[in-house]
Amino acid sequence: MSAIARPKNLWLGRWGFVLAATGSSVGLGNIWKFPYMTGEYGGGAFVLVYLLCIVAVGVPVMMAEVAVGRRGRGSPVDAIRRVAREAGRSGLWSALGWMAMLCGFMILSFYVVVAGWSVSYLWKSLSGGLQADSVAGMAAIFEANNANPWNLGFWSTLVTLATMSIVGLGVQGGIERSVRWMMPGLVLMLAVMIVYAMFSGGFAAGVDFLFAFEFGKLSGAGVLAAMGHAFFTLSLASGAILTYGAYLPETQSIWRTTLTVAICDTLVALMAGLAIFPVIFANGMDPDSGPGLIFMSLPLAFQQMPLGGVVEVIFFLMLAVAALTSAISMIEATVAWLNESHGIPRRRAAWGVGIVLWLVSTLAMLSFNLGAEWKWGGRHVFDWLDFLTSRLMMPLGGLGMAVLAGFLLRREAMRDELGLPATLFTAWRLVIRYISPLAILVVFLDALGWLGGGFDWRWLLAVPLAGLVVEGLSARRTGDRQA
Ligand code: PFF
């Protein structure tokens, strides 16, 4: 039992946390980003490195976040301040919470635009507006959709409104209630998509593409992208998982629930790949068409297949649901903080944040039309928000969390919260102290351009070795002292 604070909000149901946190992690990252990144970075080898990043960095940091959230019982700022003080550390560590909150807000500002694409494509597929006879024709539809700020703004505003309405209704009455039906719905839709892909004629080619580990295709850039994506897909360092962890009842095991969430997230990413690539291959298309993969190649492929129209509707509905359950988690931290620390009623806090969000997301949305020329350092607002969050703030926040949980908080406090069996706890600590921070550091330095772009991923193998040496030496020293 954490000694610090009494919980105000708790998940009501046994599956509350798992559903909400899986809803947070399963999103556009799994269904939009992961498939196109896999396509761009060459398939199986990228998938393998991504899985390694999830295990070596993602899961340990995720456990740390949930543990800090539950022990500190509050928004990232308050929870981190409490646990740091409990361990006799400076309350200034709450800066990590500030950055996380800001990161969640910034991600949401561009996320609603992509979620808006999904909803508008749902509408198009329902109303027959997705007809073209070539990828170029589909690209023209995509561009026309973006070119009109009123149109694009309408869809992203709709997503913003839906997000803020759910969050405004509260942890149990809004978030938990909505994920309780949205998540099973999502799984059902994904299952339909996979069965369809199995009969598409391209399933073997799709499986081969995803799981043939050809290391020759792996590049340093691919490794770094895989690491960044591991953070994004597990919703780390953005306040979401930490805040959801703050609502986790004492009776539930952190390591079991967190592992379940990470496994579900990974399975959905792989299943999304299995749903998408076979359809692409069955229609003789290329997997490496980038961010437009699911908005251009995929609809064209559906159009050429029996029952494709129906499956297309299911696909975009699934995408919209996945995006919404993630969107609510990105802003919950900020709303919780306004509510708990400043006594602002939840609904008012949600609408207040929603207005600011709407303004920033409008700037991101304008990057695709009126503001296409507003560029600084080669990037417009949308790209800056993406770059700053996934390349800088997430790695930095993850690094901070690893240092906090691995070195600064009390060992016993972490052990009590995580509830891991002894050997697994030792392994977790080893990973969070040495492997995760060093691996993140490499990504971070690369994002700053300090590794010169020519980074050789094999250097990463030195990271666990260094960790083992340091840990071995320090164990000897403690042994000497005790002897
Ligand atoms: N994990 C989400 C996805 O894969 O789409 C994105 C995300 C959600 C990032 C929540 C950050 C966050 F706080």
Side-chain angles (χ1 to χ4, degrees), residues 19-38 50 53-54 58-59 61-62 65-66 69 75-76 96-118 159 163 166-167 175 179 182-183 186 190 225-246 258 261-273 291 294 318-337 353 357 385-398 401:
L19 287 176
T22 306
S24 170
S25 41
V26 171
L28 296 168
N30 304 60
I31 307 174
W32 168 61
K33 243 180 161 179
F34 175 73
Y36 88 70
M37 287 173 93
T38 305
Y50 161 79
C53 292
I54 294 277
V59 172
V61 171
M62 196 177 199
E65 279 203 26
V66 179
S75 69
L96 211 54
W98 279 101
M99 189 169 72
M101 262 174 20
L102 185 65
C103 184
F105 179 90
M106 286 167 64
I107 295 177
L108 189 53
S109 309
F110 73 88
Y111 205 83
V112 292
V113 180
V114 184
W117 289 345
S118 320
V159 177
T163 306
I166 297 177
V167 175
I175 300 176
V179 294
M182 284 203 275
M183 293 315 288
L186 196 138
L190 190 57
M227 169 77 76
H229 189 61
F231 271 91
F232 187 82
T233 193
L234 292 179
S235 309
L236 300 179
S238 355
I241 291 299
L242 193 153
T243 311
Y244 279 5
T258 309
V261 173
I263 290 174
C264 290
D265 181 72
T266 309
L267 285 180
V268 172
L270 296 176
M271 280 158 69
I294 62 167
M318 173 176 86
L319 196 62
V321 169
L324 190 59
T325 55
S326 296
I328 53 182
S329 73
M330 292 175 206
I331 208 65
E332 169 58 21
T334 308
V335 172
W337 172 71
V353 174
L357 178 74
L385 288 167
D386 183 16
F387 175 78
L388 287 175
T389 50
S390 30
R391 287 307 193 107
L392 299 178
M393 294 167 86
M394 283 183 148
L396 198 60
M401 185 51 69

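Atoms within each ligand, like the ligands themselves, are counted from 1 in listed order.
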Is there a donor-acceptor pair closer than 3.5 Å between any side-chain N or O of [X] and the backbone N or O of [Y]?
X	Y	result
Ser326	Val26	yes
Thr389	Asp386	yes
Ser25	Ala21	yes

What's the shortest distance from [atom] to any protein heavy atom, and which residue and atom give it?
atom	result
atom 8 (C) of ligand 1	Ser235 OG, 3.2 Å
atom 1 (N) of ligand 1	Phe232 O, 2.9 Å
atom 11 (C) of ligand 1	Ser238 OG, 3.3 Å

Under a 4.0 angstrom heavy-atom cut-off, which atoms of ligand 1 come close to [X]?
X	value
Ile107	11 (C)
Leu28	5 (O)
Ser329	10 (C)
Thr233	1 (N), 4 (O)
Ser25	1 (N), 2 (C), 3 (C), 4 (O)
Ala240	13 (F)

Original post:
Relative to ligand 1, is Tyr111 under 4.0 angstrom through side chain, backbone, both or neither, heavy atoms considered?
Top reply: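 Answer for Tyr111: side chain.
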Subject >> Proximity of Ser24 to ligand 1 by residue part, where a heavy atom lies under 4.0 Å >> reply: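 The answer is both, backbone and side chain.
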**OP:** Can you label the angle between the Trp32 ring and the Trp117 ring as parallel, tilted or perpendicular, going by 30° and 60°?
**Re:**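 Rings of Trp32 and Trp117: perpendicular, over 60°.
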Original post:
Using the ring of each side chain (for Trp, its six-membered ring), is Trp98 parallel, tilted or perpendicular to Trp337, with breaks at 30° and 60°?
Top reply: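 Judged by the thresholds at 30° and 60°, the geometry between Trp98 and Trp337 is perpendicular.
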**OP:** Please tell me if the side chains of Ile241 and Leu234 come closer than 4.5 Å, counting only heavy atoms from C-beta onward.
**Re:**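 They are not in side-chain contact.
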Original post:
Does a side-chain heavy-atom distance below 4.5 Å link Leu324 with Ile166?
Top reply: yes
Subject >> Check: Leu234 N/O within less than 3.5 Å of ligand 1 N/O >> reply: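 There is no such contact.
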Subject >> Leu385 vs Tyr111, side chain to side chain contact (heavy atoms under 4.5 Å, CB included): CA-CA, chis, key distance, verdict >> reply: CA-CA 10 Å; Leu385 288 167; Tyr111 205 83; over 6 Å; no
